[in-house]
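Encoded as structure tokens, the structure appears first; notes follow it.
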Amino acid sequence: MFSQKELDIEEHQLREQIRALSPEQRARYDALEIPRLRLASTYLRLHVLFPLGIHHLYLQRWGRAALSVALSTAALLSAIGLNPWGGDRDLLVALMLLLAMIILEVPQLMNARLLVQSRNNRIMARCLTQCRSAHERQ
């Protein structure tokens, strides 16, 4: 896992590199970066309001989203008696699946700000690389 201090240092270094870009590179960088950045507040709202994995889609974490949706769906189907693996209504299985989802999701909720900042730092680094490589080709 990453710490707040490490992420802040990384972000500061990236912002210094962005400031060093030429005006043309900076315009290209902004066009690449702005639509890709995510807000921690939006991630948290999605996490709280839609606990089925939608918040992972916001950060483009496709594997996590699929796992959350699968666990939620299996738990719901098990609770109402439509077991995906056959059998009758099984509340114990539904509770176990929900517990597994809670165990996976609570750390995500507690570290939401760090997760979003880490993703945004990666996006900033990719946009910098793309701007520099496009400038070198010209």
Side-chain angles (χ1 to χ4, degrees):
M1 194 70 175
F2 30 77
S3 73
Q4 182 69 55
K5 185 176 181 178
E6 292 169 334
L7 289 173
D8 288 343
I9 290 169
E10 180 184 25
E11 183 177 349
H12 178 73
Q13 291 169 345
L14 287 165
R15 293 205 182 278
E16 288 295 319
Q17 293 174 40
I18 293 164
R19 278 189 209 98
L21 294 174
S22 70
E24 297 83 25
Q25 288 175 308
R26 181 61 191 259
R28 180 169 170 72
Y29 175 84
D30 288 342
L32 290 170
E33 180 207 45
I34 290 170
R36 295 180 184 174
L37 291 183
R38 299 294 183 249
L39 300 172
S41 59
T42 303
Y43 178 77
L44 282 169
R45 283 186 197 114
L46 289 171
H47 199 293
V48 171
L49 295 174
F50 304 103
L52 301 176
I54 305 299
H55 54 287
H56 294 302
L57 296 175
Y58 179 67
L59 294 185
Q60 297 176 331
R61 300 173 74 202
W62 312 117
R64 277 280 195 180
L67 179 63
S68 292
V69 169
L71 283 174
S72 301
T73 303
L76 180 64
L77 291 176
S78 182
I80 63 173
L82 299 172
N83 271 338
W85 45 85
D88 294 331
R89 181 175 172 181
D90 195 346
L91 292 178
L92 181 60
V93 170
L95 289 174
M96 288 172 46
L97 289 168
L98 286 175
L99 180 63
M101 193 171 129
I102 289 168
I103 289 170
L104 291 172
E105 292 299 325
V106 167
Q108 303 292 309
L109 181 61
M110 302 307 287
N111 294 312
R113 195 164 159 269
L114 297 177
L115 289 169
V116 173
Q117 186 177 7
S118 173
R119 181 196 182 277
N120 285 343
N121 285 356
R122 287 191 314 271
I123 293 297
M124 290 166 62
R126 276 190 219 130
C127 291
L128 267 170
T129 302
Q130 289 176 359
C131 285
R132 288 179 178 151
S133 63
H135 182 70
E136 289 170 3
R137 285 188 295 240
Q138 292 177 351

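What you see is a predicted model, and the numbers here were worked out from it, not measured in a lab.
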Original post:
Does the pair R28/E24 count as a salt bridge with the N-to-O cut at 4.0 Å?
Top reply: no
**OP:** Calculate, to the nearest 0.5 Å, the distance between atoms CD1 and CE belonging to I18 and M124 respectively.
**Re:** 4.0 Å
**OP:** Specify the closest pair of heavy atoms between L114 and S3, including all atoms of both residues, with the distance to one decimal.
**Re:** CD2-C, 4.4 Å
Original post:
If we only count heavy atoms from C-beta on, is the Y58 to L39 side-chain gap below 4.5 Å?
Top reply: yes
Original post:
Should V106 and L44 be regarded as members of a common hydrophobic cluster, given that ILVMFWY residues are connected when their side-chain heavy atoms come within less than 4.5 Å of each other, either directly or indirectly?
Top reply: no
Subject >> Sub-4.5 Å side-chain heavy-atom contact between V116 and T42 >> reply: no
Original post:
So how far is it from Q17 CD to L128 CG, rounded to the nearest 0.5 Å?
Top reply: 5.5 Å
**OP:** Please name the pair of heavy atoms, one in S78 and one in A94, separated by the smallest distance, quoted to 0.1 Å.
**Re:** OG-N, 3.7 Å
Original post:
Would you say R119's side chain and L59's backbone share a donor-acceptor pair under 3.5 angstrom?
Top reply: yes
**OP:** Hey, could you give me the CG/CZ distance between L57 and F50, rounded to the nearest 0.5 Å?
**Re:** 11.5 Å
Original post:
Roughly how far apart are R36 CZ and I34 CD1, rounded to 0.5 Å?
Top reply: 12.0 Å
**OP:** State plainly whether one hydrophobic cluster holds both L115 and L109, where clusters connect Ile, Leu, Val, Met, Phe, Trp and Tyr through side-chain heavy atoms under 4.5 angstrom apart.
**Re:** no
Original post:
Quick one: CD on E105 to OG on S68, what's the gap to the nearest 0.5 Å?
Top reply: 3.5 Å
Subject >> Worked verdict on R122 versus Q117 for side chain to side chain donor-acceptor pair (under 3.5 Å) >> reply: CA-CA 9 Å; R122 287 191 314 271; Q117 186 177 7; over 6 Å; no
Original post:
At their closest point, which heavy atom of P107 faces which heavy atom of I102, and how far apart are they?
Top reply: CD-O, 4.3 Å
**OP:** Flag the pair I103 / L99 as yes when at least one side-chain heavy-atom distance between them is below 4.5 Å, and no otherwise.
**Re:** yes
Subject >> Closest non-hydrogen atom pair between R38 and N120, with its separation >> reply: O-ND2, 2.8 Å
Original post:
Do L71 and L104 have side-chain heavy atoms sitting under 4.5 Å apart?
Top reply: yes
Original post:
Are any of the side-chain heavy atoms of D8 and K5 separated by less than 4.5 Å?
Top reply: no
Original post:
Judged by modelled atom types alone, do Q108 and H55 share a side-chain donor-acceptor pair under 3.5 Å?
Top reply: no
Original post:
Sequence neighbours excluded, which residues qualify as side chain to side chain donor-acceptor pair (under 3.5 Å) partners of Y29?
Top reply: E33
Original post:
How far does CZ of R113 sit from OG of S118, to the nearest 0.5 angstrom?
Top reply: 12.5 Å
Original post:
What's the verdict on side-chain contact (heavy atoms from CB on, under 4.5 Å) for V69 and H56, showing C-alpha distance, side-chain angles and the deciding distance?
Top reply: CA-CA 10 Å; V69 169; H56 294 302; over 6 Å; no
**OP:** Check the hydrophobic clustering (I, L, V, M, F, W, Y; side-chain heavy atoms under 4.5 Å; chains of links allowed) and say if M101 and V48 are grouped together.
**Re:** no
**OP:** Give the minimum heavy-atom separation between E10 and N121, together with the two atoms involved.
**Re:** OE1-ND2, 3.1 Å
Subject >> Nearest atoms (heavy-atom pairs only) where Q25 meets C131 >> reply: O-SG, 3.7 Å
